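I have placed the structure first, in the form of structure tokens, so that the comments after it can refer back to it.
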Amino acid sequence: MPPSTTTPSRRNGARTWRCWIATSRFRKFEYRGRDMTGRVRHFSVNGQPVFAADGRFMGYRGSATDLTEQHETEERLRQSQKMDAIGQLTGGVAHDFNNVLTVITGTIEIIQEGLADRPQFAAIAQLIDDAAARGAEITSQLLTFARRQPLEPREIDVNALVVETAKLLKPILGEHIEIVTRLADDAWSAMADPSQLSSAIVNLAVNARDAMPDGGRLTLETANRELDGVRSDGDVIRGAFVMIAVTDTGHGIPADIRERVFEPFFTTKGVGRGTGLGLSMVYGFARQTGGTVAIESEEGQGTVMRLFLPRSEGEAATRTGSAQAPAAARGHETILVVEDDPLVQGYVIAQLGSLGYRTLVAGDGAAALALVDQGASFDLLFTDIIMPGGMNGRELAEAVRLRRPGARVLYTSGYTDNTIVHEGHLDPGVALLQKPYRKSELSQKIREVLAGEPAA
């Protein structure tokens, strides 16, 4: 079409648009911009045109409302809802996967025992064992993010734990990363699960290492902090906390993805270079512990990850130390096994039999109670928590104890809901064996419960 036929139309359209703008009122017109600090701000404006006596347009008179805080609150709510939804999904996946891993982990141990004199096949079995262990680690991270990993918090010396973890980091990070510690002499003791805290620090350090491919400095710092504010998910956080900061001199986190780094499976690394679960595990651990985690990062200037843990109310903190894996202990008692997954049920029966125990088996709570009502004799109820049929493991245990006062109970599960866990912590006096578990762990926990020892 010739230019001469379009130019008048465009000019007339632009003139008409300007005239409409100049003579129109507007209400609740929202726009956004940046203030002098670079922060994005949201405004809602109302206005009406002002004309001179001769009809000339003079401008607008109106008002503007700053909606920045409202928009940020709504965004935190959306983020919280999204993370909760992802948490429910990942928790369910981890539950089913842990049932499968329980069978794989346990049966490969049996196979390894039979291949002691066949090194070629023993090496293959070890590969399967290592893969199962890696799968268990991933599901543990998923459950930690979903806040369905029951924590065993205790009063800990944070400085001592950081020092011990720093020793583990040296071979992990490599010679090109310098590790510096700046520990507050007056650091409070914290109430947290020491193994989960150590894993959180390692995950933060590994992410820092990946941000410094050409080398750099990793700084581990502790300090006491009083918080009185709002977390990134909108919840109020107030009180005394112990801060553990992990600082790197890497390339920093771009602003457009900073709010997504805690999402599970979100990663900027190439395929095969990470699961995207490290930071989500830290996020879940911090929330479940009653603390929070904060990010401060600038591209080209590095990143600071601050983990805040509730201060312990006690006086003395427990120093953490490495524990040796217990040997498989044998027994002769009778155990009532209640497990709905056929694969897991078969595995448990085989393992208990190899340890010398007699077993009674039920697929759900109703079948187990029927055995009890028929007069079946047993020394321990070993029951899954999440089961079909309308009765969970806790309800089954309570029903059994009404019939058999003092009956000993050991729970097991691929994940836990609020049945035996409240505020992320196991209920007092509850013994739990988390799936997947090895033969030595199964035998040790059974002996603890039968002997009346507190659950570890």
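A quick note: this is a predicted structure, and the numbers were derived from the prediction, not measured. We count residues from 1, following the sequence as given.
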| request: Give the minimum heavy-atom separation between Ile335 and Leu352, together with the two atoms involved. | output: CD1-CD2, 3.9 Å

| What distance separates Leu197 CG from Ile244 CD1, expressed to the nearest 0.5 Å? | 4.5 Å

| query | So how far is it from Leu381 CG to Tyr411 OH, rounded to the nearest 0.5 Å? | reply | 7.5 Å

| query | Between Glu448 and Arg408, is a salt bridge (Lys or Arg N to Asp or Glu O under 4.0 Å) present by the stated rule, with each step listed? | reply | CA-CA 11 Å; Glu448 287 179 3; Arg408 299 187 183 278; over 6 Å; no

| Heavy atoms of other groups near Arg401 CZ, more than 12 under 6.0 Å | yes

| message | Could you report the tightest heavy-atom contact between Leu169 and Ala205, atom names first, then the distance? | response | CD2-CB, 3.6 Å

| said: Is there a side chain to side chain contact (heavy atoms under 4.5 Å, CB included) between Leu380 and Glu333? Walk through the geometry before answering. | reply: CA-CA 8 Å; Leu380 173 69; Glu333 292 88 347; over 6 Å; no

| field | N/O donor-acceptor pair under 3.5 Å between Glu395 side chain and Asn392 backbone | value | yes

| Nearest 0.5 Å, what's the CE-CZ distance between Met191 and Arg311? | 12.0 Å

| Judged by atom type as modelled, is there a donor-acceptor pair below 3.5 Å linking the side chain of Asn203 to the main-chain atoms of Ser199? | yes

| field | Side-chain donor/acceptor of Arg403 to backbone N/O of Leu369, under 3.5 Å | value | no

| field | Taking every non-hydrogen atom, the tightest pair across Leu450 and Asp379 | value | CD2-O, 3.6 Å

| query | Quick one: OG1 on Thr289 to CG on Leu309, what's the gap to the nearest 0.5 Å? | reply | 6.0 Å

| Nearest-0.5 Å distance, OG of residue Ser443 to CZ of residue Arg438 | 13.0 Å

| said: Could you walk me through whether Leu161 and Ile201 satisfy the side chain to side chain contact (heavy atoms under 4.5 Å, CB included) test, starting with their C-alpha distance in whole Å, then the side-chain angles of each, then the deciding distance to 0.1 Å, before giving a yes or no? | reply: CA-CA 10 Å; Leu161 185 140; Ile201 296 173; 3.7 Å; yes

| Is Arg358 reaching over with its side chain to a backbone N or O of His332, donor-acceptor style, under 3.5 angstrom? | yes

| message | More than 12 heavy atoms of other residues, nucleotides or ligands under 6.0 Å from CZ of Arg217: yes or no? | response | no

| said: Closer than 3.5 angstrom, by distance alone: can the side chain of Asp248 be matched with the main-chain N or O of Thr303 as a donor-acceptor pair? | reply: yes

| Distance-only polar pair, side chains of Lys439 and Ser354, donor-acceptor under 3.5 Å | yes

| request: For salt bridge (Lys or Arg N to Asp or Glu O under 4.0 Å), just list the numbers for Lys445 and Glu441, CA-CA rounded to whole Å, side-chain angles, deciding distance to a tenth of an Å, and then say yes or no. | output: CA-CA 6 Å; Lys445 187 65 72 171; Glu441 296 168 330; over 6 Å; no

| message | So Thr165 and Leu220, do their side chains get closer than 4.5 Å, heavy atoms only? | response | no

| field | Candidate list Glu221, Arg225, Glu296, test side-chain contact (heavy atoms from CB on, under 4.5 Å), partner Arg306, passing option | value | Glu296

| said: Walk me through whether Lys435 and Glu339 qualify under salt bridge (Lys or Arg N to Asp or Glu O under 4.0 Å). | reply: CA-CA 12 Å; Lys435 298 176 181 176; Glu339 170 63 60; 3.0 Å; yes

| Minimum heavy-atom separation for Ser189 to Glu155, with atom names? | OG-OE2, 3.2 Å

| task | Walk me through it: do Val158 and Val162 pass the test side chain to side chain contact (heavy atoms under 4.5 Å, CB included)? | result | CA-CA 6 Å; Val158 173; Val162 170; 4.1 Å; yes

| query | Thr219 side chain to Val180 main-chain N or O, any donor-acceptor pair under 3.5 Å? | reply | no

| query | Is the side chain of Arg404 donor-acceptor paired with the backbone N or O of Phe378 at a distance under 3.5 Å, no angle test? | reply | no

| query | Got a donor-acceptor contact below 3.5 angstrom from the Ser297 side chain to the Ile253 backbone? | reply | yes

| query | Side-chain contact, heavy-atom cut-off 4.5 Å: Leu115 with Ile124? | reply | no

| said: Ignoring hydrogens, what is the shortest heavy-atom contact between Pro194 and Ile156? Give both atom names and the distance. | reply: CB-CG2, 4.0 Å

| message | Angle between ring planes, Tyr437 versus Tyr347, binned at 30° and 60°: parallel, tilted or perpendicular? | response | tilted

| field | Under 3.5 Å donor-acceptor, Thr412 side chain and Leu433 backbone | value | yes

| request: Decide yes or no on side chain to side chain contact (heavy atoms under 4.5 Å, CB included) for Ile446 and Phe382, but give the supporting numbers first. | output: CA-CA 9 Å; Ile446 286 176; Phe382 182 44; 5.6 Å; no

| request: Let me see the working for Lys167 and Glu164 under salt bridge (Lys or Arg N to Asp or Glu O under 4.0 Å), right down to the final yes or no. | output: CA-CA 5 Å; Lys167 295 177 182 177; Glu164 290 300 316; 3.4 Å; yes

| message | I'd like to know if the side chain of Asp384 and the backbone of Met387 have a donor-acceptor N/O pair within less than 3.5 Å. | response | no

| said: So which atom in Ala240 and which in Trp188 form the shortest heavy-atom distance, rounded to 0.1 Å? | reply: CB-CZ3, 3.7 Å

| request: Measure the CD1-CD1 distance between Ile128 and Ile111 for me, rounded to the nearest 0.5 Å. | output: 6.5 Å

| Residue pair Leu218 / Val246, side-chain heavy-atom distance below 4.5 Å | yes

